[in-house]
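To keep things clear, I will list the structure first and then write my remarks on it.
As the structure lists them, so they are numbered: ligands from 1, and atoms in each ligand from 1. Residue indices begin at 1 and follow the sequence shown. No hydrogens, no waters, no symmetry mates; every other heavy atom, side chains included, goes into these values.
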Amino acid sequence: MVELKDASFRYGGVLAFKGLSFKLEKGEKVVLLGVNGAGKSTLLKVLNGLLFLSEGVYLYKDREISKKTLKDKNFLKLFRKETALLFQNPDSMLFNPTVYDELAFNLRRLGFPDKEIKERVLYWAEKCSLLPFLEKPPFELSGGQRQKLALACLLPQEPELLLLDEPTAHLDPRSTGWLIDLLWELPCTIVTATHNLSLAMELGSRAIVLSEDHGLLYDGGVEDFLKSKELLFKAGFVHKHGRRGEHFHFF
Ligand SMILES: Nc1ncnc2c1ncn2[C@@H]1O[C@H](COP(=O)(O)OP(=O)(O)OP(=O)(O)O)[C@@H](O)[C@H]1O
Ligand SMILES: [Mg+2]
(Lines give C-alpha, C1' and ligand atoms only; values in the text may rest on other atoms or scores of the structure.)
(Ligands and ions follow the chains in the order given, each with its own letter.)
Protein backbone atom coordinates (compact mmCIF):
# COMPACT_ATOMS: atom_id res chain seq x y z
CA MET A 1 0.00 0.00 0.00
CA VAL A 2 2.85 2.34 0.93
CA GLU A 3 6.43 2.08 -0.20
CA LEU A 4 9.42 4.29 0.51
CA LYS A 5 12.58 3.77 -1.50
CA ASP A 6 15.79 5.31 -0.20
CA ALA A 7 13.83 8.28 1.08
CA SER A 8 15.46 11.35 2.61
CA PHE A 9 14.13 14.71 3.74
CA ARG A 10 15.99 17.91 4.55
CA TYR A 11 14.66 21.22 5.84
CA GLY A 12 17.16 23.39 3.93
CA GLY A 13 20.43 22.17 5.40
CA VAL A 14 18.83 20.28 8.34
CA LEU A 15 18.51 16.55 7.82
CA ALA A 16 15.24 15.09 9.17
CA PHE A 17 15.64 11.51 7.89
CA LYS A 18 17.75 9.70 5.32
CA GLY A 19 17.90 6.46 3.37
CA LEU A 20 14.55 5.05 4.54
CA SER A 21 13.18 2.07 2.64
CA PHE A 22 10.16 0.09 3.79
CA LYS A 23 6.74 -1.11 2.71
CA LEU A 24 3.48 -0.98 4.66
CA GLU A 25 0.80 -3.54 3.91
CA LYS A 26 -2.93 -2.82 4.09
CA GLY A 27 -4.25 -2.97 7.65
CA GLU A 28 -0.83 -3.07 9.35
CA LYS A 29 -0.47 -1.39 12.73
CA VAL A 30 3.01 0.10 12.93
CA VAL A 31 4.63 2.04 15.73
CA LEU A 32 7.19 4.63 14.69
CA LEU A 33 9.85 5.09 17.35
CA GLY A 34 12.83 7.39 17.77
CA VAL A 35 14.17 9.98 20.20
CA ASN A 36 13.29 13.68 20.03
CA GLY A 37 14.36 15.08 16.68
CA ALA A 38 14.89 11.66 15.07
CA GLY A 39 12.48 12.55 12.22
CA LYS A 40 9.15 10.90 13.17
CA SER A 41 6.86 13.90 12.64
CA THR A 42 8.57 14.79 9.39
CA LEU A 43 8.14 11.25 8.10
CA LEU A 44 4.42 11.33 8.93
CA LYS A 45 4.04 14.65 7.10
CA VAL A 46 5.75 13.16 4.07
CA LEU A 47 3.43 10.12 4.17
CA ASN A 48 0.49 12.56 4.31
CA GLY A 49 1.80 14.47 1.28
CA LEU A 50 2.33 17.71 3.19
CA LEU A 51 6.08 17.62 2.60
CA PHE A 52 7.86 16.07 -0.37
CA LEU A 53 10.99 13.96 -0.30
CA SER A 54 14.35 15.59 -0.97
CA GLU A 55 15.61 12.27 -2.37
CA GLY A 56 14.10 8.87 -3.06
CA VAL A 57 10.58 7.77 -3.95
CA TYR A 58 7.26 7.58 -2.09
CA LEU A 59 4.65 5.28 -3.63
CA TYR A 60 1.06 5.19 -2.35
CA LYS A 61 -0.90 2.35 -3.95
CA ASP A 62 1.83 2.20 -6.61
CA ARG A 63 1.45 5.88 -7.52
CA GLU A 64 4.28 8.25 -6.83
CA ILE A 65 3.50 11.05 -4.38
CA SER A 66 5.27 14.22 -5.41
CA LYS A 67 4.45 17.89 -5.91
CA LYS A 68 3.85 17.06 -9.56
CA THR A 69 1.55 14.04 -9.12
CA LEU A 70 -0.57 15.82 -6.50
CA LYS A 71 -1.30 18.57 -9.04
CA ASP A 72 -3.80 16.10 -10.54
CA LYS A 73 -6.94 17.37 -8.74
CA ASN A 74 -8.79 14.02 -8.81
CA PHE A 75 -5.83 12.15 -7.44
CA LEU A 76 -5.24 14.83 -4.80
CA LYS A 77 -8.86 14.56 -3.65
CA LEU A 78 -8.62 10.78 -3.41
CA PHE A 79 -5.29 10.96 -1.58
CA ARG A 80 -6.66 13.57 0.87
CA LYS A 81 -9.66 11.36 1.57
CA GLU A 82 -7.66 8.18 2.01
CA THR A 83 -4.80 9.53 4.16
CA ALA A 84 -5.17 11.45 7.40
CA LEU A 85 -2.65 12.86 9.87
CA LEU A 86 -3.17 13.66 13.53
CA PHE A 87 -0.68 16.43 14.28
CA GLN A 88 1.57 16.27 17.33
CA ASN A 89 -0.12 19.44 18.61
CA PRO A 90 -3.90 18.83 18.33
CA ASP A 91 -4.67 22.53 18.78
CA SER A 92 -3.07 23.26 15.42
CA MET A 93 -5.92 21.26 13.84
CA LEU A 94 -8.88 22.88 15.58
CA PHE A 95 -10.25 26.14 14.24
CA ASN A 96 -13.99 25.67 13.61
CA PRO A 97 -16.66 27.42 15.74
CA THR A 98 -18.17 24.19 17.14
CA VAL A 99 -17.19 20.59 17.76
CA TYR A 100 -19.83 19.54 15.19
CA ASP A 101 -18.25 21.77 12.55
CA GLU A 102 -14.81 20.36 13.34
CA LEU A 103 -16.09 16.83 12.84
CA ALA A 104 -17.89 17.78 9.63
CA PHE A 105 -15.06 19.89 8.18
CA ASN A 106 -13.17 17.25 6.18
CA LEU A 107 -16.36 15.68 4.82
CA ARG A 108 -17.63 19.09 3.68
CA ARG A 109 -14.27 19.80 2.03
CA LEU A 110 -14.43 16.43 0.30
CA GLY A 111 -17.92 17.22 -1.00
CA PHE A 112 -19.98 14.61 0.90
CA PRO A 113 -23.78 15.20 0.87
CA ASP A 114 -25.23 16.86 4.03
CA LYS A 115 -27.27 13.83 5.10
CA GLU A 116 -24.25 11.54 5.02
CA ILE A 117 -22.12 14.14 6.81
CA LYS A 118 -24.63 14.26 9.66
CA GLU A 119 -24.85 10.48 9.93
CA ARG A 120 -21.11 10.01 9.94
CA VAL A 121 -20.47 12.87 12.37
CA LEU A 122 -23.03 11.57 14.87
CA TYR A 123 -21.66 8.03 14.59
CA TRP A 124 -18.06 9.08 15.32
CA ALA A 125 -19.06 11.65 17.95
CA GLU A 126 -20.81 8.86 19.82
CA LYS A 127 -17.88 6.48 19.42
CA CYS A 128 -15.44 9.11 20.69
CA SER A 129 -17.68 10.26 23.61
CA LEU A 130 -18.05 13.72 22.09
CA LEU A 131 -21.86 13.86 21.77
CA PRO A 132 -22.33 16.17 24.80
CA PHE A 133 -19.94 18.73 23.29
CA LEU A 134 -21.26 19.01 19.73
CA GLU A 135 -22.46 22.62 20.06
CA LYS A 136 -19.53 23.81 22.15
CA PRO A 137 -16.52 25.67 20.81
CA PRO A 138 -13.47 23.35 20.81
CA PHE A 139 -11.47 25.72 23.04
CA GLU A 140 -13.88 24.98 25.89
CA LEU A 141 -12.79 21.33 25.94
CA SER A 142 -9.97 20.01 28.13
CA GLY A 143 -6.58 19.15 26.63
CA GLY A 144 -7.37 15.43 26.49
CA GLN A 145 -10.84 16.07 25.06
CA ARG A 146 -9.29 18.27 22.36
CA GLN A 147 -6.83 15.51 21.48
CA LYS A 148 -9.71 13.05 21.17
CA LEU A 149 -11.60 15.56 19.04
CA ALA A 150 -8.60 16.10 16.76
CA LEU A 151 -8.43 12.33 16.22
CA ALA A 152 -12.20 12.05 15.83
CA CYS A 153 -12.07 14.68 13.05
CA LEU A 154 -10.06 12.26 10.91
CA LEU A 155 -12.37 9.27 11.28
CA PRO A 156 -15.61 10.28 9.47
CA GLN A 157 -13.76 10.24 6.12
CA GLU A 158 -12.78 6.61 6.85
CA PRO A 159 -9.14 6.95 5.84
CA GLU A 160 -7.13 3.98 4.58
CA LEU A 161 -3.83 5.30 5.95
CA LEU A 162 -4.08 6.89 9.39
CA LEU A 163 -0.98 8.66 10.67
CA LEU A 164 -0.90 9.54 14.37
CA ASP A 165 1.74 11.75 15.93
CA GLU A 166 1.97 11.16 19.68
CA PRO A 167 -1.80 10.58 20.00
CA THR A 168 -1.67 9.69 23.70
CA ALA A 169 0.34 12.71 24.86
CA HIS A 170 -2.63 14.40 26.56
CA LEU A 171 -4.74 11.34 27.38
CA ASP A 172 -5.32 9.86 30.84
CA PRO A 173 -4.93 6.08 31.31
CA ARG A 174 -8.61 5.36 30.63
CA SER A 175 -8.66 7.37 27.41
CA THR A 176 -5.34 5.83 26.37
CA GLY A 177 -6.90 2.37 26.78
CA TRP A 178 -9.92 3.51 24.78
CA LEU A 179 -7.65 4.79 22.00
CA ILE A 180 -5.69 1.53 21.82
CA ASP A 181 -8.91 -0.49 21.53
CA LEU A 182 -10.18 1.86 18.82
CA LEU A 183 -6.97 1.63 16.78
CA TRP A 184 -7.14 -2.16 16.67
CA GLU A 185 -10.81 -2.01 15.69
CA LEU A 186 -10.13 0.21 12.67
CA PRO A 187 -9.47 -1.70 9.46
CA CYS A 188 -7.05 0.91 8.08
CA THR A 189 -3.25 0.95 8.03
CA ILE A 190 -2.04 2.92 11.04
CA VAL A 191 1.37 4.42 11.77
CA THR A 192 1.67 5.80 15.30
CA ALA A 193 4.70 7.89 16.25
CA THR A 194 5.67 7.82 19.89
CA HIS A 195 8.64 7.76 22.22
CA ASN A 196 6.54 6.14 24.89
CA LEU A 197 8.10 2.68 24.97
CA SER A 198 5.67 1.31 27.51
CA LEU A 199 2.83 1.85 25.03
CA ALA A 200 4.72 0.71 21.94
CA MET A 201 3.62 -2.91 22.17
CA GLU A 202 -0.02 -1.91 22.48
CA LEU A 203 0.06 0.52 19.57
CA GLY A 204 1.46 -1.82 16.93
CA SER A 205 2.85 -5.22 16.14
CA ARG A 206 5.66 -3.86 13.97
CA ALA A 207 8.17 -1.20 14.95
CA ILE A 208 10.00 1.12 12.60
CA VAL A 209 12.75 2.80 14.60
CA LEU A 210 14.63 5.89 13.49
CA SER A 211 18.16 6.30 14.80
CA GLU A 212 19.55 9.43 16.40
CA ASP A 213 21.40 10.12 13.16
CA HIS A 214 18.05 9.96 11.28
CA GLY A 215 18.46 6.61 9.50
CA LEU A 216 16.46 3.39 9.78
CA LEU A 217 17.75 1.56 12.84
CA TYR A 218 15.22 -1.25 13.01
CA ASP A 219 12.19 -2.61 11.20
CA GLY A 220 10.59 -5.69 12.74
CA GLY A 221 8.52 -7.01 15.64
CA VAL A 222 7.95 -4.51 18.47
CA GLU A 223 8.64 -7.10 21.14
CA ASP A 224 12.03 -8.09 19.72
CA PHE A 225 13.07 -4.46 19.62
CA LEU A 226 12.03 -3.84 23.21
CA LYS A 227 13.88 -6.96 24.37
CA SER A 228 17.17 -5.93 22.76
CA LYS A 229 19.27 -3.83 25.09
CA GLU A 230 21.68 -3.19 22.25
CA LEU A 231 18.97 -1.78 19.96
CA LEU A 232 17.43 0.29 22.75
CA PHE A 233 20.88 1.72 23.43
CA LYS A 234 21.52 2.45 19.75
CA ALA A 235 18.14 4.17 19.45
CA GLY A 236 19.05 6.45 22.34
CA PHE A 237 16.41 5.10 24.71
CA VAL A 238 18.91 4.22 27.44
CA HIS A 239 19.78 6.92 29.86
CA LYS A 240 22.66 6.83 32.31
CA HIS A 241 21.90 8.20 35.77
CA GLY A 242 24.78 9.33 37.94
CA ARG A 243 24.06 7.00 40.86
CA ARG A 244 21.85 4.34 39.44
CA GLY A 245 23.94 3.57 36.38
CA GLU A 246 22.38 2.46 33.12
CA HIS A 247 18.64 2.80 33.19
CA PHE A 248 15.89 2.13 30.66
CA HIS A 249 13.12 4.64 30.55
CA PHE A 250 9.82 2.88 30.00
CA PHE A 251 7.38 5.72 30.39
N1 LIG B 1 10.00 23.22 10.20
C2 LIG B 1 11.26 22.82 10.41
N3 LIG B 1 12.28 23.57 9.93
C4 LIG B 1 13.58 23.20 10.12
N5 LIG B 1 13.95 22.07 10.77
C6 LIG B 1 12.97 21.30 11.27
C7 LIG B 1 11.58 21.64 11.13
N8 LIG B 1 10.84 20.68 11.72
C9 LIG B 1 11.71 19.79 12.22
N10 LIG B 1 12.99 20.16 11.95
C11 LIG B 1 14.21 19.41 12.31
O12 LIG B 1 14.14 18.14 11.69
C13 LIG B 1 14.58 17.12 12.57
C14 LIG B 1 13.46 16.09 12.75
O15 LIG B 1 12.38 16.70 13.42
P16 LIG B 1 10.99 15.95 13.71
O17 LIG B 1 10.05 16.96 14.22
O18 LIG B 1 10.60 15.20 12.51
O19 LIG B 1 11.45 14.92 14.84
P20 LIG B 1 10.57 14.00 15.82
O21 LIG B 1 11.18 12.65 15.77
O22 LIG B 1 9.15 14.12 15.49
O23 LIG B 1 10.87 14.66 17.24
P24 LIG B 1 9.91 14.75 18.57
O25 LIG B 1 9.99 13.41 19.25
O26 LIG B 1 10.60 15.80 19.38
O27 LIG B 1 8.54 15.12 18.14
C28 LIG B 1 15.00 17.82 13.87
O29 LIG B 1 16.39 18.03 13.81
C30 LIG B 1 14.28 19.15 13.79
O31 LIG B 1 15.02 20.15 14.44
MG1 LIG C 1 7.54 14.79 16.52
Under 4.0 Å to a heavy atom of [X] - the qualifying atoms of ligand 1, by number:
X    : value
H195 : 25 (O)
Q88  : 27 (O)
A38  : 19 (O), 21 (O)

Evaluate L155 against L186 for side chain to side chain contact (heavy atoms under 4.5 Å, CB included), listing each step before the verdict.
CA-CA 9 Å; L155 302 177; L186 295 172; 4.0 Å; yes

Will you find, in the side chains of S211 and D213, an N or O donor that is under 3.5 Å from an N or O acceptor?
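A donor-acceptor contact under 3.5 Å links the two side chains.
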
Can you confirm whether the side chains of S228 and Y218 place a donor and an acceptor under 3.5 Å from each other?
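No donor-acceptor contact under 3.5 Å links the two side chains.
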
Give me the nearest non-hydrogen protein atom to [atom] as residue plus atom name, then the distance to 0.1 Å.
atom                    : answer
atom 26 (O) of ligand 1 : N36 ND2, 3.0 Å
atom 13 (C) of ligand 1 : G37 O, 3.7 Å
atom 15 (O) of ligand 1 : T42 OG1, 3.8 Å
atom 6 (C) of ligand 1  : Y11 CD1, 3.2 Å
atom 25 (O) of ligand 1 : K40 NZ, 2.7 Å
atom 17 (O) of ligand 1 : S41 CB, 3.7 Å

Residue from R146, K148, Q147 passing side chain to side chain contact (heavy atoms under 4.5 Å, CB included) with L141:
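Single pass found, and it is R146.
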
Indicate whether atom 31 (O) of ligand 1 is within a distance of less than 4.0 angstrom of some protein heavy atom.
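Under the 4.0 Å cut-off, atom 31 (O) of ligand 1 has no protein heavy-atom neighbours at all.
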
Derivation of the side chain to side chain contact (heavy atoms under 4.5 Å, CB included) call for K77 and L110
CA-CA 7 Å; K77 192 170 168 189; L110 290 163; 4.2 Å; yes

The Mg ion (ligand 2) and N36: any N/O/S contact shorter than 2.8 Å?
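N36 does not place any N, O or S atom closer than 2.8 Å to the Mg ion (ligand 2).
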
Just wondering, is there an N, O or S atom on Q88 that's nearer than 2.8 Å to the Mg ion (ligand 2)?
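True for Q88.
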
Is there a heavy atom in G39 that sits closer than 4.0 Å to ligand 1?
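Per 4.0 Å heavy-atom rule, G39 contacts ligand 1.
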
Below 4.0 Å, non-hydrogen atoms only: which portion of V35 touches ligand 1? Side chain, backbone, both or neither.
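The part of V35 near ligand 1 is the backbone, not the side chain.
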
Closest heavy-atom pair and its distance - V35, K40
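The answer is O-NZ, 3.1 Å.
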
If you look at every heavy atom in V222 and G204, which pair is closest and at what distance?
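Looks like CG2-O, 3.3 Å.
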
List the steps and the verdict of salt bridge (charged side-chain N to carboxylate O under 4.0 Å, His left out) for E55 and K18.
CA-CA 8 Å; E55 283 150 42; K18 64 178 180 193; over 6 Å; no

Side chain proximity check, F87 to S41, heavy atoms < 4.5 angstrom:
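No, their side chains stay 4.5 Å or more apart.
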
